[in-house]
Every structure is written in C-alpha cells, then in structure tokens.
Amino acid sequence: MYELITQPWPWYVAGPLIGLTVPALLILGNKSFGISSSMRHVCAACLPANISFFKYDWKKEIWNLAFVFGILLGGIIAVTGLSNPNDIVVADELKTELAGYGITDYSALVPADIFSWDQLATLKGFIMVILGGFIVGFGTRYAGGCTSGHAIMGLSTLQWPSLVATCCFMVGGILTANFILPYILSL
Amino acid sequence: MINQNNVADEFVAVQSDDLTVRELDSICVNESQLEHKWYHNLKYVLVGIAFGIVFVKAEIISWFRIQEMFRFQSFHMYGVIGSAVVIGVISVWLIKKFNIRTIYGEEIIFHPKTFNKGQVIGGLLFGLGWAITGACPGPLFALVGSGATVIIATLLSAIAGTWVYGYFRDKLPH
C-alpha cells in the first residue's frame, strides 16, 4: 500500500481529487477555487502603493492565503513522507530533444540543469526562472485567473469566458513550447 | 447578540464598494458575509495540504510533464485537467440541484464571469509563461514546499508581475 502511494499517482486518481477541491471550498465557506488571486492579495497586503487595484480589504481574502500556504505544506509532506525514490519517467521523444540542450538530470521534478540557484545568473536561467515567473504573474491576473480559476472552477460552472481563457492558455503554451522554448533552451 | 442585524447591515454596505474592487479580474472572491475567528482558516490550510500532496504525487508540478502536455507527448495532464473538470461540473450541478448549503448554512453563490480582452491577451501571455517555467501559480507554491528553493525566485517574480499588472491596469486593453 505504502509503495502504491509513493509511486507517481495516475491521472484518474489525481484529476478527480483536484476536481473535489471545487465542492470542498464551496461547502466549507462559499469560496471559489482559485490560486493566482493569492498573489494579488500579497500585493494588496504588502505594497498596495495607492493603486486602486490593490486597495481593498485583503483580510477578507485571507482564506486564500491560508489555502496556498497549505499547498506549500502539502509539497513538504509529499517529499518528506511520500517521496518517490526513482527518477521521473519522461516520454522518450522529449528526453531525446532535451538531451540536445544538455538537459539530462531526471532526479527531480524540475530539471536541475536549469532550475537551480547557480543557473540564475545565466541568461537562460534568468529568462526561465525570473522572466517566466513575471509573465505568469502578469498574464494570470490580466486573464483574471489561472488553470485553477478558469480551467477548473470556471469550466465547472460552465462559463464561456473561462473556456476562452483556457483555450488561450493552451494556444500560448503550445506555441511557446514548440516554437519559442527551443531558442531559449539553446542559449 | 441584540444588535446583530444592524451590524450585519452596516457590514454589507461597507463591503459592497470593497467587493467591487476585489471582484476585478478575479475568480475567487470571498462573498461570505460571515465573520469568523482566525482559526476557521485552518480548514483551508488542510484543503491546501491535500491539494499540494496531489500536485506533487501526480507530478503536475513537474516542468517535464508540462512540456509533454504542450508537445502532445503524454495524455497525463489532459487526463488530470479533464477529469478534474468533469468532477467539478458534476459537483456544481449537484450543489445547484439539491441547493446544498455551506457548513455554516449559507447559500452557495456562483458569480458569472464577464468576457473581456484580458482573457485572450492575458491568457496567451500566461500560456507563454506556463510553458517556460513549467508551472502555473498553484504548482509554484507546491514546488517551493517540495524543496525546489530556486522557485522562490519565480514566485516572487510572479508576485511582481501581478503588481505591475495592477499598476498598468487602466492603460491596458480590456
């Protein structure tokens, strides 16, 4: 049993569990599932700078910060008690392609060849770790939500603007991964 | 106890303006009019923990999995998101159908999203960032917890991106 838990969980276990977050948050306190908003609440709490977009009572949304803090704790628990001892299994096509960019380390969930502190000072590391993060923060707020808010909560409540957003996430990601990322990885 | 109704009315009036601001470009707005002690938030920490564990164990937070998804090399992520949406749709349908209330007896409210250009422009931008970093906001938190400490830099940068959006919001097309 323990071995089953430490192995990577299949999609048909993970997906439904994630889907259950939607009713869980609604029933626990009328909260709509969404994660990117937490970053806005951090801005409102720490540096509102008289910007009207951040001038609201962030304490009303403290549940959202509690939720993302829980996600962080969940990450700690998952690697402490339930860690998978093996390398991550990745599609052969992807492995072949990544080998061409010098990415060969599969010991962690993210490639240590890029996502490490000593890579941060390189142009590639800066683009992927810092600039990429900036675009995620800017883009999700501009879109009014991320994968959780639009793709899961928005689609669960059958809202077509969320379907538009989700399609745009996918189009942006597919174009980037196939046509832009190869140039970044070659740096 | 005696003045509870009056207090609640005032509270609603003060809140309405605040809610308008909070509702801008956001999905999750706390519309509950109930005031709780701080420890009521612990239940959201618990949901977060469960969620974070699933994120790590299903490798949704992995840069490799996201690359596979955007290159159509694996069904995994499509299966995760697709089945999550199916369960979400069924749950919301059940909540509406049986008029299920919160554990505090409040009516569950759904607020419709209005379309604006942000969902297209911001959506494409987020897709760009998602493919590069291999993480959407949820996984960023789980990744930090899982020991990928450099992702703290990504997370801080994402918060900076959110702030810059707020700064330029009025000048951007919506």
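Convention: sequence-line order gives letters A, B, ...; per-chain numbering from 1. Values below: all heavy atoms of this structure, side chains included; hydrogens, waters and symmetry mates excluded.
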In the structure I gave you, are the side-chain heavy atoms of [X] and [Y] within less than 4.5 Å of one another anywhere?
X       : Y       : answer
Y142(A) : H174(B) : yes
L155(A) : V89(B)  : no
F126(B) : T147(A) : yes
Q119(A) : V150(B) : no
F51(B)  : I18(A)  : yes
F64(B)  : I103(A) : yes
M170(A) : Y78(B)  : yes

Partner chain B: residue of [options] with the largest heavy-atom pair count (under 4.5 Å):
options                           : value
V22(A), L25(A), L175(A)           : L25(A)
V13(A), I114(A), L181(A), I184(A) : L181(A)
P111(A), C43(A), S36(A)           : P111(A)
A66(A), G132(A), A165(A), C167(A) : A66(A)
V79(A), T21(A), T166(A), I27(A)   : I27(A)

Subject >> Ionic contact status for R71(B) with E93(A), cut-off 4.0 Å >> reply: no
Original post:
Relative to each other, are the rings of Y165(B) and F138(A) parallel, tilted or perpendicular (30° and 60° limits)?
Top reply: perpendicular
Original post:
Where does the angle between the aromatic ring planes of F54(A) and W163(B) fall among parallel (under 30°), tilted (30 to 60°) and perpendicular (over 60°)?
Top reply: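 Ring orientation of F54(A) relative to W163(B): parallel.
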Original post:
Are a donor atom and an acceptor atom from the side chains of S83(B) and W11(A) found within less than 3.5 Å of each other?
Top reply: no
**OP:** Under the side chain to side chain contact (heavy atoms under 4.5 Å, CB included) rule, what do T140(A) and W130(B) come out as? Steps first, then yes or no, please.
**Re:** CA-CA 10 Å; T140(A) 50; W130(B) 190 9; over 6 Å; no
Subject >> Contacting region of I5(A) [heavy-atom separation from chain B under 4.5 Å] >> reply: backbone
Original post:
Between Q159(A) and K113(B), is there a donor-acceptor pair closer than 3.5 Å when you use the side chain of the first and the backbone of the second?
Top reply: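 Yes, Q159(A) side chain to K113(B) backbone: donor-acceptor pair under 3.5 Å.
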